[in-house]
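One structure below.
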Amino acid sequence: MSGKIFGQSYRRFYAWLLRLGRVRAMLLGTTIAITTSVLVTALVMAVIPGSRDFFWYNMIVAVVSPLVSAPGLTLVAISMVYQLNAAQTALTLAAETDALTGVSNRRSFMAQAELAFAQTQAGGPPFAVIMLDIDHFKAINDNHGHIVGDDVLRDVAHACKAALRGSDCFARFGGEEFVALLRVTDTASAAVVAEGLRKTVAALAFESRTPPAVTVSLGVAGYLPGSESLHDILNEADRQLYAAKAAGRNRVMVAGGGMRQAS
């Protein structure tokens with residue numbers, strides 16, 4: 001228990017120090033160092049006989065010494081804190097990001113989706129999930145090579161992420177399959193968004209690269225009262241995705257009926 005309290009206090013102090021900034025931290029550190037030095041010197045003079053004869057000399061030393069050394073030492077310390085924070089941020093980002101495409105990875109998506117599910121179950125706003133799969137991706141790799149396949153994955157991922165809101169999460173779920181978490185969105189609205197993603201990918205220009213065109217199939221499912229877990233919604237979106245593929249690909253299938261196909 002005490003360790004948990006200490007950890008929370010440390011994190012709060014760490015965050016406060018980062019907000020303080022280098023200059024203010026340096027001034028604060030110098031002030032603390034001078035104050036401590038003066039108090040210690042005064043205590044020593046009160047205890048050691050005869051030291052009061054050198055009162056002003058001791059006080060000048062007590063002030064000048066930390067005034068010279070404290071700013072540099074404090075600046076070094078706060079710089080190390082900033083470097084540590086940058087390293088921790090980079091590690092967190094790497095742990096939550098798909099290395100190839102730069103969008104969120106499955107782990108990050110699941111954490112955000114579980115939170116959205118819990119909030120909706122507790123009476124919060126609805127959310128919806130879109131599963132997206134690149135059509136004939138194996139053929140792209142087989143006919144044009146894995147380098148081209150990687151380019152296709154990156155282009156599709158970047159285009160879809162850019163087409164969504166900042167509050168949405170777009171992630172690589174595995175292989176050529178992606179998933180989007182749409183917060184504060186019902187199933188009907190998610191179907192419109194999915195159709196927009198389908199058209200966005202279909203309109204991608206691959207310039208001199210091959211293949212000249214890429215399409216995607218999409219499945220949409222939203223939270224319904226009685227949903228027991230997030231996996232129920234993901235499984236339903238996945239079923240709709242495979243229904244879209246079975247119906248001819250390059251189309252959107254929606255849980256509860258409905259289909260939007262290539263136009």
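If you read the sequence from its start, that first residue is 1, and numbering goes on from there. For the numbers below, each heavy atom of this structure counts, side chains included, while hydrogens, waters and symmetry mates do not.
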- Query: Between R198 (side chain) and G196 (backbone), is there a donor-acceptor pair under 3.5 Å?
  - Reply: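 Side chain of R198 to backbone of G196: no pair is present.
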
- Taking H144 for the side chain and G149 for the main chain, is one N or O donor matched with an acceptor at less than 3.5 Å?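 Such a contact is absent between H144 side chain and G149 backbone.
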
Between [X] and [Y], what is the shortest heavy-atom contact and its length?
X: L230; Y: A113; result: CD2-CB, 3.5 Å
X: P125; Y: T120; result: O-OG1, 2.7 Å
X: A221; Y: A237; result: CB-N, 3.6 Å

- Message: Please enumerate all residues that pass side-chain hydrogen bond (donor to acceptor under 3.5 Å, both in side chains) together with S189, with sequence neighbours excluded.
- Response: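 Only D186 meet the side-chain hydrogen bond (donor to acceptor under 3.5 Å, both in side chains) criterion with S189.
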
In terms of hydrophobic clusters joined by side-chain contacts under 4.5 Å, are [X] and [Y] together?
X: L182; Y: V103; value: yes
X: V201; Y: V152; value: yes
X: L241; Y: V252; value: no
X: L100; Y: V156; value: yes
X: I233; Y: V179; value: yes

- Message: Quiz question: by atom type and distance under 3.5 Å, do the side chains of D135 and S217 form a donor-acceptor pair?
- Response: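 D135 vs S217: donor-acceptor pair found between side chains.
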
Is the closest side-chain heavy-atom distance between [X] and [Y] below 4.5 Å?
X: F173; Y: D238; result: no
X: Y223; Y: Q121; result: yes
X: E177; Y: L132; result: no
X: H136; Y: R249; result: yes
X: V220; Y: Q240; result: no
X: I134; Y: V214; result: yes

- Message: With side chain to side chain contact (heavy atoms under 4.5 Å, CB included) as the criterion, how do L234 and M110 come out once you've worked through the C-alpha distance, each side chain's angles and the decisive distance to 0.1 Å?
- Response: CA-CA 10 Å; L234 292 175; M110 291 300 294; 3.8 Å; yes

- Query: Salt-bridged, R154 to D150, with N to O below 4.0 Å?
  - Reply: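 Salt bridge absent between R154 and D150.
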
Kindly compute the distance separating [atom1] ([X]) from [atom2] ([Y]), expressed to the nearest 0.5 Å.
X: E236; Y: L224; atom1: CD; atom2: CG; result: 8.5 Å
X: C160; Y: I130; atom1: SG; atom2: CD1; result: 9.0 Å
X: R251; Y: E195; atom1: CZ; atom2: CD; result: 10.5 Å

- Query: Out of L153, L197, D98, which one pairs with F178 under the side chain to side chain contact (heavy atoms under 4.5 Å, CB included) rule?
  - Reply: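 Exactly one option meets the side chain to side chain contact (heavy atoms under 4.5 Å, CB included) with F178, and it is L153.
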
- Message: So if I apply the side chain to side chain contact (heavy atoms under 4.5 Å, CB included) rule between L181 and each of F170, F117, F109, which one comes out positive?
- Response: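 The single option meeting the side chain to side chain contact (heavy atoms under 4.5 Å, CB included) with L181 is F109.
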
Distance-only check: which donor-acceptor pairs under 3.5 Å involve side-chain atoms of residues 161-168, not counting sequence neighbours?
| from | atom 1 | to | atom 2 | distance (Å) |
| --- | --- | --- | --- | --- |
| R165 | NE | D168 | OD1 | 3.3 |
| R165 | NE | D168 | OD2 | 3.0 |
| R165 | NH2 | D168 | OD1 | 2.7 |
| R165 | NH2 | R183 | O | 2.6 |
| R165 | NH2 | T185 | OG1 | 3.0 |
| D168 | OD1 | R183 | N | 3.4 |
| D168 | OD2 | R165 | N | 3.2 |

- Task: Tell me, with the steps shown, if T97 and N105 meet side chain to side chain contact (heavy atoms under 4.5 Å, CB included).
- Result: CA-CA 5 Å; T97 303; N105 59 19; 5.7 Å; no

- Task: Evaluate side chain to side chain contact (heavy atoms under 4.5 Å, CB included) for V148 paired with H146, printing each intermediate quantity in order.
- Result: CA-CA 5 Å; V148 171; H146 288 276; over 6 Å; no

- Task: Check the pair V254, T187 against side chain to side chain contact (heavy atoms under 4.5 Å, CB included), reporting the backbone distance first and the verdict last.
- Result: CA-CA 8 Å; V254 185; T187 305; 3.5 Å; yes

